[in-house]
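Have a look at the structure below, then the notes.
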Number of protein chains: 2
Amino acid sequence: MLGNPTRDRLAERREASRREIVNAAWSIAREDGLAAVTLREVAARVGMRAPSLYTHFESRNAIFDAMFGQAWRDCVEHMNANLPSTDDLSLREFLKWNTRTFFEFCVSDIARFQLMNQRTIQGFEPSPESYAPSVQALERFREELEPYGLSRQEDIDLYTALLGGLIDAQLANDPGGNRWEKLLDRAVDMYVDGLDLPS
Amino acid sequence: MLGNPTRDRLAERREASRREIVNAAWSIAREDGLAAVTLREVAARVGMRAPSLYTHFESRNAIFDAMFGQAWRDCVEHMNANLPSTDDLSLREFLKWNTRTFFEFCVSDIARFQLMNQRTIQGFEPSPESYAPSVQALERFREELEPYGLSRQEDIDLYTALLGGLIDAQLANDPGGNRWEKLLDRAVDMYVDGLDLPS
DNA sequence: GTCTATATACCGATAGAC
DNA sequence: GTCTATCGGTATATAGAC
């Protein structure tokens, strides 16, 4: 039955409705936080009543699940869209690029960051499908570090803690500012200088 | 009227009730998270009905406020109780002590850490009185760094981001484990080596 | 696919008796 | 100071008409 035009149109409309619902959920989350994403409010923004959402999502958490997957796909896309012009970077230069690009993606949308990296919605666990893009992003990062000889788990753990700490501090203590953003290059220099890479 | 024995006993009983309520709230938070701290559940654990709590606290957030203040007072106390045996420490040694001691305090109680350092309860803002101990803790930390010549805001910001990132990573990705705990000394070495202190 | 109506289960907070 | 009773609101989710 693949290629049946009627079914294609139906599938398209169905997918469009899901997209519209997810977009409405994002707009609420950005304005009033993730907790404010209620079925009533989402439905109101797409011109529906709350129960109608169950036609498109099986639960409220299923909406968060779609948002979670999209956030990480967007993150990968954002990294791809901002690749350095040359691929002949030193480790230091690569990490500075990675740090700044990921930092800016996270800081530009607090609600998205909370959904991606914190556990702010109780009872929500991303499904394996939605979790996949985040695993892919981390795996790709590891592969990019490999040529530099940076493959020890402790080295990578220290970097992720440092990067996460900078993002957290910026969002928690100076949202909209640049108090920690301006420390990014220095932080990477400090990190790289402290590395003891295997020959 | 100070020293009136009747009034003293009443004040003591009143304070004991408040303590009991706060303790019940902590036990709920540790077991099921901060969001599970409802007036009904707190009341049940102290053998009351929910409305009776209003005799001791003017609102649910007032309970969180008391918890917030207590958490930071306990933090200061924990740091004091674990002071190094000698006060003749190098900056490196001092920061290693500070990092480990604060890290262990935070990691030992996730709910408390979330209340202290994250914004997980919407609509809750600590009162000035409850906020005071946290300001005091940070101010004291700055004073302890001063003799080492470490007083630039960027230097301190980088340290707080690093420390917070390590704690966050530990709690989020390896709760109960030591994957980031074992990186603490290395992180401080990296940080101190990267400092450029003014003569 | 969307609706109305409702089920079910909570929540924080208040009034007023005792 | 604690209680019962309740207010007024929230939420997710389901049943069944259209």
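Protein chains get the first letters and strands the later ones, always in sequence-line order, with residue 1 at the start of each.
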Distance check needed: [N] [atom2] versus [X] [atom1], whole Å only.
X	N	atom1	atom2	answer
B:Leu39	C:dC10	CG	C1'	12 Å
B:Asp32	C:dC11	CG	P	12 Å
A:Arg49	D:dA11	CZ	P	15 Å
A:Asn61	D:dA11	CG	P	15 Å
A:Glu58	D:dA13	CD	P	9 Å
A:Gln122	D:dT10	CD	C1'	14 Å
B:Glu41	C:dC10	CD	C1'	13 Å
A:His56	D:dA13	NE2	P	16 Å

With heavy atoms under 4.0 Å as the rule, sort [X] into base, sugar-phosphate or nothing.
X	answer
A:Ser17	nothing
A:Gly123	nothing
A:Arg13	nothing
A:Thr38	sugar-phosphate

- Which one, D:dG1, C:dC3, D:dT12, comes nearest to the side chain of A:Tyr54? D:dT12
- Closest to the B:Arg40 side chain: D:dT12, C:dT2, D:dT6? D:dT6
- What do you reckon, are the aromatic ring centroids of B:Tyr191 and A:Tyr191 less than 6.0 Å apart? no
- Message: Could you check whether any side-chain N or O of B:Ser52 sits under 3.5 Å from a backbone N or O of B:Met48, counting only pairs where one atom can act as donor and the other as acceptor?
- Response: no
- A:Ser90 versus A:Glu93, side-chain donor and acceptor atoms under 3.5 Å: yes
- Item | Residues A:Arg19 and A:Glu12 bridged, charged N to O under 4.0 Å | no
- Query: Got a salt bridge between B:Glu146 and B:Arg142, using NZ or NE/NH1/NH2 to carboxylate O under 4.0 Å?
  - Reply: no
- Item | DNA chain D: 5'-proximal contact among B:Pro51 and B:Met48 (nearest heavy atom) | B:Met48
Is there a side-chain polar atom (N or O) of [X] under 4.0 Å from OP1 or OP2 of [N]?
X	N	value
B:Arg14	D:dG1	yes
B:Arg60	C:dG12	yes
B:Ser52	D:dC3	yes

